[in-house]
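All residue numbers refer to positions in the sequence shown, counting from 1. What you see is a predicted model; the values in this text were computed from it and never measured.
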Amino acid sequence: EKKMADVKPNHTIYINNLNEKVKKEELKKALHAIFTQFGEIVSVMAFKTLRMRGQAHVVFREISASSAAMRAMQGFPFYDKPMRIQFSREDSDTIAKAKGTYVERPKKSAGRVQKKPKAAKKAAVARGGVMGGGGVRGGDDGPSQPNKILFCTNLPDECTPDMLRLLFQSFPGLKDIRMVPNRVGIAFVEFDTEAEAGPARQSLNNFKITPNQQMKVDYAKK
């Protein structure tokens, strides 16, 4: 415990006790998906060498993001094992330089960019309506009525039920996740009640599931 206190906050969190059975690429994508909510991620590093198995580093652009991530996700059940998180002993710049991915940090805070103005949100909702309603029973019946099943689209090809479970299990009432056979990029997520499905839809619609792909979450058509 003392060791953790000695390490001063920096841009990089060090995670161990990870499930060693998970493939490296899937692990990195899943870590990116669950940690990106705290702020911009510069890099996710996981290594398969014997000494480094079950461990990863997540490098954030802002120290406030790495601090928030460490507080919120400490002990989070990730692939059935609670994560153990602390600040890395070497700051990200050292690690990034070693990997050849070092980038000078812009001096101005990037934190403010995250908040989108209302107009952009309205446009996103309108776009979601077009995507969600278009072509299914003719798009003129508007957005789907609230119910307990969510319909996720624009998922990456390599998305698995486990990756989705990691995102949705922080909301109470999660009941089932079903991928659609022979159709990539879509899934159904069922909750016990409509009231429990609502917050998950609100929080995860337009969630960046990969650096350049936003997941769409709508209520399933009845």
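- Distance CG/Asp218 to SG/Cys152: 9.5 Å, rounded to 0.5 Å.
- Counting heavy atoms from C-beta outward, Ile186 and Leu155 have side chains that stay 4.5 Å or more apart.
- Between Ser67 and Phe87, the shortest heavy-atom distance links the atoms OG-CZ, 3.7 Å.
- A single hydrophobic cluster is seen to contain both Met52 and Val59, as judged by linkage of ILVMFWY side chains at heavy-atom distances under 4.5 Å, directly or through other members.
- In this structure, the side-chain contact (heavy atoms from CB on, under 4.5 Å) partners of Glu190, at least two apart in sequence or on a different chain, are Lys148, Ile149, Lys175, Asp176, Arg178.
- Heavy-atom minimum distance, Met179 versus Pro161: CG-CG, 3.5 Å.
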Evaluate the side chain to side chain contact (heavy atoms under 4.5 Å, CB included) criterion for residues Ile15 and Arg84: first the C-alpha distance (whole Å), next the side-chain angles of each, then the deciding distance (0.1 Å), finally the verdict. CA-CA 6 Å; Ile15 308 164; Arg84 285 207 293 269; over 6 Å; no
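- To the nearest 0.5 Å, atoms OH (Tyr79) and CG (Asn17) are separated by 15.0 Å.
- Between Ile85 and Ala69, the shortest heavy-atom distance links the atoms CD1-O, 4.4 Å.
- Partners of Asp80 by side-chain hydrogen bond (donor to acceptor under 3.5 Å, both in side chains), not counting sequence neighbours: none found.
- One finds the CE atom of Met70 at 11.0 Å from the CZ atom of Phe35 (value rounded to the nearest 0.5 Å).
- With respect to Val44, the side-chain contact (heavy atoms from CB on, under 4.5 Å) criterion is satisfied by exactly one of Lys29, Lys28, His57: Lys28.
- We find the CD-CD distance between Glu194 and Gln145 to be 9.0 Å, quoted to the nearest 0.5 Å.
- The salt bridge (Lys or Arg N to Asp or Glu O under 4.0 Å) check on Glu20 picks up Arg53, with sequence neighbours excluded.
- To the nearest 0.5 Å, atom CG of residue Leu31 and atom CE of residue Met73 are 9.0 Å apart.
- The two residues Phe78 and Ala30 come nearest to each other via the heavy atoms CZ-CB, 3.8 Å.
- Between Ile34 and Leu167, the closest side-chain pair of non-hydrogen atoms falls below 4.5 Å.
- Within the 3.5 Å criterion, the main-chain N or O of Gln214 finds no donor-acceptor partner in the side chain of Asn206.
- Applying the side-chain contact (heavy atoms from CB on, under 4.5 Å) criterion to Ala65, with sequence neighbours excluded, gives Phe60, Glu62.
- Pairing each heavy atom of Val22 with each of Leu27, the nearest pair is CG1-N, 3.9 Å.
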Begin from the C-alpha positions of Lys216 and Asn205 and carry the test side chain to side chain donor-acceptor pair (under 3.5 Å) through to its verdict. CA-CA 5 Å; Lys216 299 277 178 217; Asn205 187 30; 5.3 Å; no
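- Atom CZ of Phe207 sits about 5.5 Å away from atom CD of Gln37, to the nearest 0.5 Å.
- The shortest non-hydrogen separation linking Ala200 to Leu150 is CB-CD1, 4.0 Å.
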Could you walk me through whether Leu164 and Cys159 satisfy the side chain to side chain contact (heavy atoms under 4.5 Å, CB included) test, starting with their C-alpha distance in whole Å, then the side-chain angles of each, then the deciding distance to 0.1 Å, before giving a yes or no? CA-CA 7 Å; Leu164 286 174; Cys159 188; 3.8 Å; yes
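- More than 12 heavy atoms of other residues, nucleotides or ligands lie within 6.0 Å of NZ in Lys81, so this atom counts as buried by the packing criterion.
- The backbone N or O of Met215 sits nowhere less than 3.5 Å from a side-chain atom of Asn154 that would complete a donor-acceptor pair.
- Remark: Thr160 pairs with Glu26, Asp162, Met163 by the side-chain contact (heavy atoms from CB on, under 4.5 Å) rule, at least two apart or across chains.
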For the pair Leu204 and Phe171, evaluate side chain to side chain contact (heavy atoms under 4.5 Å, CB included) and give the outcome as yes or no after the intermediate values. CA-CA 10 Å; Leu204 291 172; Phe171 298 93; 3.7 Å; yes
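- Within the 3.5 Å criterion, the main-chain N or O of Ala220 finds a donor-acceptor partner in the side chain of Asn147.
- For the residue pair Tyr14 and Gln55, a side-chain donor N or O sits within less than 3.5 Å of a side-chain acceptor on the partner.
- Taking the side-chain contact (heavy atoms from CB on, under 4.5 Å) definition, one finds that Gln169 meets it with Phe76, Pro77, Arg165, Leu166, Leu174, sequence neighbours left out.
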Leu18/Met83 under side chain to side chain contact (heavy atoms under 4.5 Å, CB included): CA gap, chis, key distance, verdict: CA-CA 6 Å; Leu18 295 170; Met83 287 200 263; 4.1 Å; yes
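- Partner Phe188 forms a ring pair (Phe, Tyr, Trp, His ring centres under 6.0 Å) with one of Phe151, Phe168, Tyr219 and no other, that one being Phe151.
- Ser66 places a side-chain N or O within 3.5 Å of a backbone atom of Asn10 that can act as its donor or acceptor partner.
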